[in-house]
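Step one of this worksheet: look at the structure below.
Remember, it's a predicted structure, so these values are computed and weren't measured experimentally.
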Amino acid sequence: MAVNKVVYGTEILIDLTKDTVTPDALFKGCTAHMADGTIVTGTLFNNYPDEQCFYDTLQDLDGNRIEDISGSEIKGKTVYRKV
């Protein structure tokens with residue numbers, strides 16, 4: 001039986017009634033409680049590949065691109081991996 005609100009005397013100890021979590025907004029495999037008290041398991045990024053790479057031009061703190069000695073822009077690689 002799911003519980004979404006716990007009251008002890010006049011004190012509310014837990015109140016999930018206004019929670020808005022949905023499986024697609026919660027990281028895959030993570031769990032939370034929905035407003036009705038039922039447990040939900042996240043599906044966010046469920047269908048993503050095991051690895052994604054992004055290449056971006058590197059910038060300094062002022063937003064200017066960083067170049068090598070010949071004036072060519074330097075790119076950086078960010079890799080996201082499932083673990």
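Looking at N4, its side chain never comes within 3.5 Å of a backbone N or O of T17 through a donor-acceptor pair. A donor-acceptor contact shorter than 3.5 Å links the side chain of T43 to the backbone of P23. Although no hydrogens or angles enter the test, the distance criterion places no donor-acceptor pair under 3.5 Å between the side chain of D62 and the main chain of N64.
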Problem set entry | Residues L44, L26; criterion side-chain contact (heavy atoms from CB on, under 4.5 Å); working and verdict | CA-CA 5 Å; L44 183 64; L26 187 63; 5.8 Å; no

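Summarising the geometry of D15 relative to K5, their closest heavy-atom pair is OD2-CE, 3.9 Å, with the distance given to 0.1 Å. Across all non-hydrogen atoms, the minimal contact from M34 to L16 is O-CB, 3.9 Å. Closest approach of G9 to V7, counting heavy atoms only: O-CG1, 3.4 Å. Among all heavy-atom pairs drawn from T57 and R65, the shortest one is CG2-CB, 3.7 Å. Taking all atoms of both residues into account, the shortest heavy-atom contact from V79 to C53 is CG2-SG, 3.8 Å. Annotation for H33 and D19: closest pair O-OD2, 3.7 Å, computed over non-hydrogen atoms.
For Y55, the OH atom is loosely surrounded, since the number of other residues' heavy atoms within 6.0 Å does not exceed 12.
Of the inter-residue distances, the one linking Q59 atom CD with I74 atom CD1 reads 12.5 Å to the nearest 0.5 angstrom. Rounding to the nearest 0.5 angstrom, the gap separating the OG1 atom in T41 from the CD1 atom in I39 is 7.5 Å. Rounding to the nearest 0.5 Å places NZ of K75 at 11.0 Å from OG of S72. With rounding to the nearest 0.5 angstrom, the CD atom of E73 is 10.0 Å from the CG atom of D56.
Classified by interplanar angle (parallel below 30°, tilted 30° to 60°, perpendicular above 60°), the ring pair Y80/F54 is perpendicular.
Cluster membership for Y8 and I12, using ILVMFWY side-chain heavy atoms within less than 4.5 angstrom, is not shared. Residue V3 is grouped with residue I14 when hydrophobic side chains (ILVMFWY) are merged at heavy-atom distances under 4.5 angstrom, including chains of intermediate members.
When side chains are defined from C-beta on, V40 counts as touching V21, because their heavy atoms get closer than 4.5 Å.
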